[in-house]
**Q** 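This is the structure I want to talk about, given as structure tokens.
Computed over heavy atoms, backbone and side chain alike; hydrogens, waters and symmetry mates excluded.
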Amino acid sequence: MKRRDVCGVLVLLVYLMGVGLVTGPSLYQLLAGNLPEPRLELIPFADIVTILNDPGAPGLGVAANIAGNAALLAPLGLLLPLFWRYFGRAKNTILFGFGVSLSIELIQLIAGGVTSVDDLILNTAGAAVGFALAKLVLRACPRLAPRRQGRAQWAYPLACWAAVIALATLSDVMLFGL
């Protein structure tokens with residue numbers, strides 16, 4: 001493992017732990033056993049329209065909900081191409097962002113909370129915006145671009161996300177006996 005890979009893995013782990021903290025159930029909800037009733041919304045843009053049309057809708061409000069979901073995975077789309085050449089193609093980065101978002105939504109469905117196709121769309125769009133920003137950064141500073149491509153560079157980010165999910169699950173089991 002090269003020094004750049006180690007640095008990328010560490011930065012990605014810290015970022016993904018933050019994503020896990022933001023998207024998972026709160027510690028208070030877990031301690032109080034007060035998990036929300038799971039809700040599944042499969043109609044595209046239904047939640048967005050509801051939030052825009054009803055200012056009293058539950059949630060964090062228009063800006064926090066829509067912009068927050070879009071911004072959640074933008075750093076992922078930015079970081080991946082900066083550290084690994086494999087993610088220099090939009091398809092690879094956006095598909096990885098989609099996979100992370102899908103896993104978040106599935107975990108939220110199991111743990112209680114809102115699972116929405118709109119979150120999936122906004123998160124994936126955020127990863128795409130992050131990728132576009134990475135391309136601008138790499139065009140402005142070509143020396144930042146990863147030089148050589150290893151055999152399985154896609155495995156580092158995947159292992160980071162799997163580790164975050166495993167650690168969160170293990171900590172929940174140890175703390176709450178779930």
Side-chain angles (χ1 to χ4, degrees), residues 8 11-30 35-84 86-139 154 156-169:
V11 169
L12 199 58
L13 269 174
V14 169
Y15 161 71
L16 290 174
M17 283 187 210
V19 168
L21 286 172
V22 170
T23 60
S26 72
L27 185 58
Y28 171 77
Q29 289 173 316
L30 288 171
L35 291 173
E37 185 69 29
R39 185 173 69 95
L40 181 62
E41 180 59 66
L42 296 176
I43 301 170
F45 306 108
D47 281 344
I48 293 173
V49 169
T50 300
I51 291 167
L52 291 173
N53 290 332
D54 183 8
L60 302 173
V62 176
N65 195 324
I66 295 173
N69 272 312
L72 181 69
L73 294 186
L76 181 69
L78 176 70
L79 290 171
L80 292 177
L82 291 178
F83 284 105
W84 297 286
Y86 174 82
F87 292 101
R89 296 184 60 201
K91 177 183 85 167
N92 296 340
T93 301
I94 294 168
L95 278 175
F96 191 84
F98 175 81
V100 168
S101 181
L102 181 62
S103 65
I104 290 169
E105 295 305 314
L106 292 174
I107 290 167
Q108 287 176 341
L109 180 63
I110 293 166
V114 177
T115 298
S116 172
V117 71
D118 291 353
D119 292 351
L120 191 63
I121 292 167
L122 291 168
N123 291 161
T124 305
V129 168
F131 175 80
L133 289 172
K135 283 304 198 179
L136 289 173
V137 167
L138 291 172
R139 183 167 290 156
W154 55 268
Y156 295 129
L158 183 61
C160 289
W161 185 234
V164 167
I165 292 172
L167 286 172
T169 304

**Q** Provide the closest heavy-atom pair for Thr23 versus Gln108 in the form atom of the first, atom of the second, distance.
**A**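 Nearest pair, atom of Thr23 first, then Gln108: O-NE2, 2.9 Å.
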
**Q** What heavy-atom pair brings Gly97 and Ala127 nearest, and what distance separates the two atoms?
**A** CA-CB, 4.1 Å

**Q** Show the nearest heavy-atom pair for residues Pro81 and Leu138, with the distance to one decimal.
**A**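 Looking at all heavy atoms of both residues, the closest pair is O-CD1, 3.9 Å.
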
**Q** Who are the side-chain contact (heavy atoms from CB on, under 4.5 Å) partners of Leu102, not counting sequence neighbours?
**A**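 Counting only residues at least two positions away or on another chain, Leu102 forms a side-chain contact (heavy atoms from CB on, under 4.5 Å) with Phe98, Leu106, Leu120.
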
**Q** Could you tell me which residues satisfy side-chain contact (heavy atoms from CB on, under 4.5 Å) with Tyr15, sequence neighbours excluded, listed by chain and number?
**A** Leu12, Val19, Leu73, Pro75, Leu76, Leu79

**Q** Do any pairs count as a ring-ring contact (aromatic ring centres under 6.0 Å, His included) and have a residue in residues 108-131, sequence neighbours left out, and if so which ones?
**A** none

**Q** Once you round to the nearest 0.5 Å, how far does CD1 of Ile66 lie from CG of Asp119?
**A**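 So the CD1 of Ile66 and the CG of Asp119 are separated by 10.5 Å.
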
**Q** Within this structure, what is the NZ-CG distance for the pair Lys135 and Leu82, rounded to the nearest 0.5 Å?
**A** 10.0 Å

**Q** Taking ring-ring contact (aromatic ring centres under 6.0 Å, His included) as the definition, give me every residue that meets it alongside Phe87, ordered by chain and number, with sequence neighbours left out.
**A** Phe96

**Q** For a quick test of reading the model, state the closest non-hydrogen atom pair linking Leu13 to Val164 and the distance between them.
**A** CD2-CG2, 4.0 Å

**Q** From Leu109 CG over to Leu40 CG, what is the distance, rounded to the nearest 0.5 angstrom?
**A**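 Here the interatomic distance stands at 5.5 Å.
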
**Q** Looking only at non-hydrogen atoms, find the nearest pair between Ile94 and Ala128 and report the distance.
**A**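 Minimum heavy-atom contact is CD1-CB, 3.7 Å.
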
**Q** For Ile43, give me all partners under side-chain contact (heavy atoms from CB on, under 4.5 Å), at least two apart in sequence or on another chain.
**A**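 Partners of Ile43 under the side-chain contact (heavy atoms from CB on, under 4.5 Å) test: Glu41, Ala46.
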
**Q** Got a sec, which residues hit side chain to side chain donor-acceptor pair (under 3.5 Å) with Ser116, two or more places apart in sequence or on another chain?
**A** Asp47

**Q** For Gly77 and Thr93, which heavy atoms make the closest approach, and how far apart are they?
**A**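 Taking every non-hydrogen atom into account, CA-CG2, 3.7 Å.
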
**Q** Under the side-chain contact (heavy atoms from CB on, under 4.5 Å) rule, collect the residues that match up with Leu167, sequence neighbours excluded.
**A**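 Applying side-chain contact (heavy atoms from CB on, under 4.5 Å) to Leu167 gives none.
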
**Q** What pairs meet the side chain to side chain donor-acceptor pair (under 3.5 Å) rule with one or both residues in residues 95-104, with sequence neighbours excluded?
**A**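 Matches after skipping sequence neighbours: Ser101-Asn123, Ser103-Trp161.
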
